[in-house]
Amino acid sequence: MNVSMTVNGERVSHDVEPRMLLVHFIRETLGLKGTHWGCDTSNCGACVVLMDGEPVKSCTVLAAMCEGHEIRTVESLESDGELDPVQQGFHELHALQCGFCTPGMQMTARALLDRNPNPSDEEIRTAISGSICRCTGYKNIVGAVRWAAEHESTTRQEA
Amino acid sequence: MQTPAPFEYERATSVDGAIEALGRLGSEARVIAGGHSLLPMMKLRLASPEHLVDINDLDELSYIREQDGEVRIGALTRHVDLLESELLAERFPLFADAEHVIADPVVRNRGTIGGSLCQADAAEDLSAVCTAAKAQVVIRGADGERVVAMDDFHVGPYMTAVGDGELLTEVRVPVRAGAGSAHEKVERRAGDWAIAAASAAVWMDGGTIADAGIALAAVGLTTVHPSRAEELLRGKTPSDELFAQAGEIASSECSPTADGRGPVEYKRHLAGVLTQRALRRSAARAMNEEA
Amino acid sequence: MAVVENLPSPSAERPIGFGRLKRKEDERFIRGQGTYVDDIELPGMLHGAVLRSPYAHARIVSIDTSNALAHPNVAAVVTAKDLETLGLAWMPTISYDTQAVLAGDKVRFQGQEVAFVVATDKYSANDALSLIDVEYEPLPAVVDARTALDPDAPVIRDDKSGQRDNLATPLWEAGDEAATDRAFAEADTVVKRDIIYPRCHPAPLETCGMIADFNPKTGQLDIYNGNQAPHAHRTVYAHVAGLAEHMIRIRCQDIGGGFGNKVPVYPGYVCAIAASIVAGVPVKWVENRSENLLSTGFARDYIMHAEICSKDGKVTGLRVDTIADHGAFDSTAQPTKFPAGFFHIVCGSYDLEASHVKVKAVYTNKAPGGVAYRCSFRITEAVYLVERMVDALAREMKTDPIELRMRNFIPPEQFPYETTTGWTYDSGEYAKTMKVATEIAGYEDLRREQAEKRARGELMGIGVSFFTEGVGAGPRKHMDILGLSMNDGADLRVHPSGKAVVSISAQTQGQGHETTFAQIVAEELGVPPEDVEVRHGDTDRSPYGLGTYGSRSTPVSGGAVAVVSRKVRDKARLIAATMLETRPEDLAWEKGRWYVKGDPEQGAMIEEISERAYSGEPMPAGMEGGLDAQVIYDPPNLTYPYGAYIAVVDIDPDTAQVTVRRFIAVDDCGVRINPMVVDGQIHGGLAEGVGIALMELISFDSEGNCLNSSFMDYLIPTALECPDFELGETVTPCPHHPLGAKGVGESPNVGSPPAIVSAVIDALHETHGVEHIDMPCTPARVWAAMQGRPEPPQ
């Protein structure tokens with residue numbers, strides 16, 4: 001079957017099997033490798049992307065279900081050579097080590113700040129509770145989101 | 001990652017269209033809404049339906065509104081919307097209590113109340129919530145609609161009264177004066193299924209309990225509805241002793257199985273403790289003594 | 001010191017050398033541009049999938065692959081029979097045992113590899129698995145290590161000639177039994193405990209996988225793989241596959257976490273290589289999460305009986321008897337002469353009179369492994385044991401647990417200190433570190449708060465642990481793995497431009513080596529870190545070494561890079577002397593520059609020296625051109641980082657849920673190259689400790705079915721279970737390491753579980769009489785302990 005959707009602002013249209021998962025559509029059909037996967041049971045959050053602005057686990061969404069919807073992946077955060085404050089915050093606060101959970105965490109953080117520009121630490125921890133990180137112990141991730149919230153209004157940083 | 005077996009897929013454009021498709025495709029067809037119960041099972045090859053009918057476009061099934069003395073919730077309403085609904089927060093705060101601890105915030109963007117209720121996992125929180133709140137569900141088929149009480153909706157583990165060719169369309173929660181409600185859950189970790197959970201609702205008349213609803217998750221083959229505990233409460237004044245007694249009855253009426261989350265004894269103990277806590281908070285909310 | 005224009009100027013933000021330098025590697029990761037194994041696509045690539053046994057122990061009666069072969073997208077189905085013809089049905093393990101690549105006669109653990117499918121895409125490969133028909137004859141399974149040696153226990157390894165029972169390695173012991181018996185005989189206080197460190201799993205977020213690409217025309221085998229020891233793997237494949245080692249190239253690009261899970265060679269890798277050799281095209285195999293939890297290298301599973309004694313308030317003796325569950329094949333990864341790893345560090349941070357420790361390893365019908373998950377070769381088990389015992393002793397003696405430790409620490413003047421089991425700890429000021437922890441925690445206030453809460457029926461616990469661990473394996477005269485000495489190399493090349501490339505043997509899986517190793521070169525040579533390229537992970541382009549695990553990167557590879565940088569600096573001195581027409585001994589060094597003593601304006605910067613080294617201008621007599629050096633570093637000893645940890649927990653008296661409210665960690669890992677990176681490593685390890693203490697468990701039913709083979713049942717802490725970690729530091733340099741650094745990666749995992757479990761017991765001891773509880777402290781298990789019925793985990 002054919003699915004068409006908007007991914008990172010661009011319209012895409014491909015023939016896929018109905019059973020193709022969105023994460024594989026993104027990674028294999030579109031070749032966007034920034035979205036990862038880490039489990040079989042929708043627990044780990046490595047696959048989180050934004051669907052119509054809300055974080056979803058792309059391993060538990062069929063590509064077919066995205067017909068007509070807007071998908072944003074980590075590749076969309078940087079724009080015109082400028083990093084999103086979330087990305088800059090992750091770098092400033094050492095909120096990543098192996099980098100595997102980072103795209104999903106960043107997309108979740110981006111969506112959180114879009115809804116709630118000044119979240120408390122508790123709200124940040126709750127928002128990212130659907131994503132596992134094995135490396136950082138989460139402390140610096142919380143700090144990074146806080147940093148991004150505080151630097152949101154300044155112009156986006158140089159890449 | 002594991003991947004599902006092949007299947008055919010169609011998208012419903014109307015509720016009647018969905019019902020027609022289900023009728024046409026027969027028992028090898030499943031509805032897919034949020035997909036966070038069905039797709040994991042399909043990836044693990046525990047379920048391999050031949051046809052999926054995607055109902056995510058049926059916006060007409062996504063609503064929370066008050067009508068004719070009931071709060072009516074469309075089956076396609078997402079968990080996040082139940083969590084954030086001001087109407088539900090005011091009328092039935094046990095929904096928000098439960099939603100805070102159902103899965104995780106990302107899963108809650110997709111999962112729906114209809115999907116959760118129809119999955120009918122005994123550990124599923126909303127089933128307990130709806131039972132305690134004395135909700136009824138609306139099931140529509142080719143022959144029309146029928147309204148079913150929660151006790152009749154839960155038929156067995158992973159089995160509901162929704163038949164082939166039928167669709168759950170709405171949950172109706174009756175609004176009555178003096179209501180207070182709460183949901184209490186214990187889990188091994190955030191996002192986990194309940195080791196045990198208790199939903200409670202009370203309707204106060206002056207200082208006495210006019211009516212009560214209690215339901216337990218994860219301590220039986222399906223949602224446990226300890227009606228004897230509810231009977232105990234009717235006409236009585238709220239007190240810790242009373243709620244402890246109700247908790248004991250609830251505890252004795254459940255039939256937990258031992259598994260990785262805990263042994264029978266512990267689950268039974270939790271059933272009692274959480275019933276007591278949920279009742280205490282329900283009464284406090286009903287009497288405006290708690291935020 | 002002269003200020004010279006153009007000398008790069010450091011700042012706190014951008015140190016030239018040690019300091020809180022933000023990471024160079026972040027650039028690609030924050031953009032989602034890392035290259036992990038599953039990201040790589042090669043032309044003509046096929047996809048593999050493994051069929052795994054549903055039974056823990058069963059004879060294989062028949063395997064029918066015909067339906068799978070008939071699938072239009074399936075290129076091949078490989079079974080043990082096919083591998084036998086290639087001599088690949090069995091492979092050696094790191095512990096000199098053998099492991100089946102694909103099961104032929106029997107399956108010996110649930111999840112064991114039985115067949116390998118190769119198809120055009122991963123969906124088809126997964127489909128084809130259900131088309132393979134295997135007939136099994138189930139056999140009784142050995143699931144309890146304690147009964148594995150019973151006379152009537154089924155023999156699991158009947159493939160090994162002469163194997164008549166389930167003993168995996170003979171009894172190993174250390175210490176002095178007679179001296180220990182004497183200490184116990186003279187003691188006034190003895191405490192005994194049965195303590196289990198249950199089976200858990202490193203579960204890095206990226207599962208294991210490989211692309212094998214054999215080129216039949218050239219005979220070159222290219223491997224893309226996330227593994228923690230690429231050179232050692234290359235040597236193993238050369239052996240196992242009978243290929244020339246110089247024709248194998250392993251490239252580890254980005255790895256999504258290792259934690260010891262990516263040290264072993266897995267059957268899936270060998271299958272992918274075999275398939276690629278036979279098919280002549282690249283074959284990719286990436287496991288799913290249930291395969292990772294079911295079949296790859298687990299951690300711990302030590303069943304310990306311990307006794308500790310004291311006399312007049314001084315801890316005098318410790319004896320430990322351990323059964324180690326190694327699973328169905330012995331693939332534990334530790335230096336050859338150390339079959340129980342470094343478990344003998346169980347004598348801890350205390351000045352004991354005597355200790356005696358025994359470990360016996362058994363086979364069971366479970367996945368193979370045991371040494372993983374930041375364990376420092378069994379030091380996690382050892383420290384857990386000794387700290388739990390010291391805590392139990394403190395309780396018995398009615399002494400504050402910190403006071404008891406302070407009284408019994410090895411005092412600073414006794415370093416280097418030889419322990420009762422033959423280790424020589426390098427340096428330590430334990431009391432100082434413990435004190436810092438108590439200050440950060442506000443220990444007195446916490447005890448007051450605890451008393452107040454207890455009076456109100458609230459349960460709060462404070463747990464302490466102090467650890468000394470040994471990392472940085474290791475000196476070649478003591479330590480090898482599979483006969484490969486545990487030395488690491490470093491190559492440093494300074495280009496004519498003055499920018500540098502350093503190639504190292506260490507293999508980062510997130511530890512920040514692209515930044516920290518550049519910082520070492522910067523510290524030694526004054527070349528800014530952004531001008532130092534760190535090369536690693538490619539066996540064609542990096543020096544031979546044993547990789548990254550056991551916190552060895554800083555001690556060994558870090559030592560190598562310091563030494564090689566100094567070699568380059570020394571060469572630069574000679575060249576500078578020629579340039580400045582003076583003698584080398586008349587030159588002094590400031591970072592980045594040699595200058596004439598007494599005339600500091602006269603000098604030569606590293607870039608000027610390197611330009612000169614490649615130019616046609618005269619060089620010192622007898623010296624070759626260029627500015628580079630190579631080193632293989634043989635560490636003289638392990639290094640011994642240590643730390644003091646304090647955990648504060650609250651327990652719901654009715655539901656028994658445990659919350660870690662605070663966690664204070666004060667680490668002494670010697671000199672810190674990048675404190676930001678060190679802190680990050682500690683945060684991560686502490687989170688793992690929270691997981692192990694409260695929720696992580698790999699368990700089995702009586703038939704050997706694994707009950708935790710997905711992230712629904714193998715629970716890993718989220719941001720909601722982890723407190724806001726509070727860190728402190730002391731710095732006691734390592735006397736033998738070129739930089740004074742010790743390494744830190746595993747310390748937090750070593751020290752945190754005993755602190756949390758001791759805190760749980762502390763919360764429940766007075767009110768509920770709890771004296772012991774095993775991990776994980778799930779609500780159900782804590783509740784059982786509160787009822788007086790603690791049970792060991794399965």
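Since the model is a prediction, treat every value here as computed from it, not as a measurement. The sequence lines fix the lettering, A, B, ..., with proteins before strands; numbering per chain opens at 1.
Heavy-atom minimum distance, Ser129(A) versus Thr718(C): O-CG2, 3.4 Å. Nearest heavy-atom pair across Leu205(C) and Cys101(A) is CD2-CB, 3.4 Å. Here the closest non-hydrogen pair linking Phe100(A) and Tyr36(C) is N-OH, 3.4 Å. When all heavy atoms are compared, the tightest approach of Gly137(A) to Cys722(C) is O-CB, 4.1 Å.
Of the listed residues (Leu96(A), Ile132(A), Leu93(A), Ile124(A)), the one with the most heavy-atom contacts under 4.5 Å to chain C is Leu96(A). Of all the listed residues (Gly691(C), Gly258(C), Pro202(C), Pro748(C)), the one sharing the greatest number of non-hydrogen pairs under 4.5 Å with chain A is Pro202(C). Ranking Pro717(C), Pro204(C), Gly512(C), Ala687(C) against chain A, the residue ahead of the rest is Pro717(C), based on heavy-atom pairs under 4.5 Å. When each of Glu25(C), Gln681(C), Gln511(C) is checked for heavy-atom pairs under 4.5 Å with chain A, Gln681(C) comes out on top.
For Ile255(C), the part lying near chain A is the backbone, with the side chain staying farther off; criterion is any non-hydrogen pair under 4.5 Å. Interface residue Tyr123(C): backbone and side-chain heavy atoms are both found under 4.5 Å from chain A. Neither the backbone nor the side chain of Met105(A) has a heavy atom closer than 4.5 Å to any heavy atom of chain C. If you measure heavy-atom distances from Asp254(C) to chain A, you find no contacts under 4.5 Å at all. In this structure, the portion of Pro723(C) lying under 4.5 Å from any heavy atom of chain A is its backbone and not its side chain. The contact between Val677(C) and chain A is made by backbone and side chain atoms together, counting heavy-atom distances below 4.5 Å. Of the atoms belonging to His91(A), heavy atoms from both backbone and side chain fall under 4.5 Å from chain C. For chain C, the nearby part of Thr102(A) is the side chain; its heavy atoms alone come within less than 4.5 Å.
Ion pairing between Arg134(A) and Glu696(C) holds under the 4.0 Å rule for side-chain N and carboxylate O. Ion pairing between Asp38(C) and Arg27(A) holds under the 4.0 Å rule for side-chain N and carboxylate O.
Annotation: the span from Phe663(C) atom CZ to Lys139(A) atom NZ amounts to 13.0 Å, rounded to 0.5 Å. With rounding to the nearest 0.5 angstrom, the CD atom of Glu41(C) is 3.5 Å from the NZ atom of Lys33(A). For the atom pair Asp26(C) CG and Gln88(A) CD, the distance stands at 10.0 Å (nearest 0.5 Å). Note that SG of Cys135(A) and CZ of Phe259(C) are 4.0 Å apart. Values are rounded to the nearest 0.5 Å. How far CG of Asp40(A) is from CD of Glu287(C): 9.5 Å, rounded to the nearest 0.5 Å. Interatomic distance, CD of Gln509(C) versus CD of Gln97(A), reported as 11.0 Å (0.5 Å rounding).
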Note to self: Pair Trp37(A), Thr207(C) - check side chain to side chain contact (heavy atoms under 4.5 Å, CB included), show working.
What the structure shows: CA-CA 9 Å; Trp37(A) 59 267; Thr207(C) 60; 3.8 Å; yes

Next item on the list: Show your working on side chain to side chain contact (heavy atoms under 4.5 Å, CB included) between Asp121(A) and Asp724(C) and close with a plain yes or no.
Entry: CA-CA 10 Å; Asp121(A) 280 5; Asp724(C) 189 33; 5.7 Å; no

Next item on the list: Decide yes or no on side chain to side chain contact (heavy atoms under 4.5 Å, CB included) for His683(C) and Ile141(A), but give the supporting numbers first.
Entry: CA-CA 11 Å; His683(C) 295 159; Ile141(A) 295 177; over 6 Å; no

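Enclosure of atom CZ in Arg661(C) by more than 12 non-hydrogen atoms of other residues, nucleotides or ligands within 6.0 angstrom is indicated.
The shortest distance between side-chain heavy atoms of Asn140(A) and Phe725(C) does not fall below 4.5 Å. Two residues are said to be in side-chain contact when any heavy atoms from C-beta on lie closer than 4.5 Å; Leu720(C) and Tyr138(A) fail this criterion. A 4.5 Å side-chain heavy-atom check between Ile30(C) and Gln106(A) finds at least one atom pair inside the cut-off.
For Thr35(A), there are no side chain to side chain donor-acceptor pair (under 3.5 Å) partners, not counting sequence neighbours.
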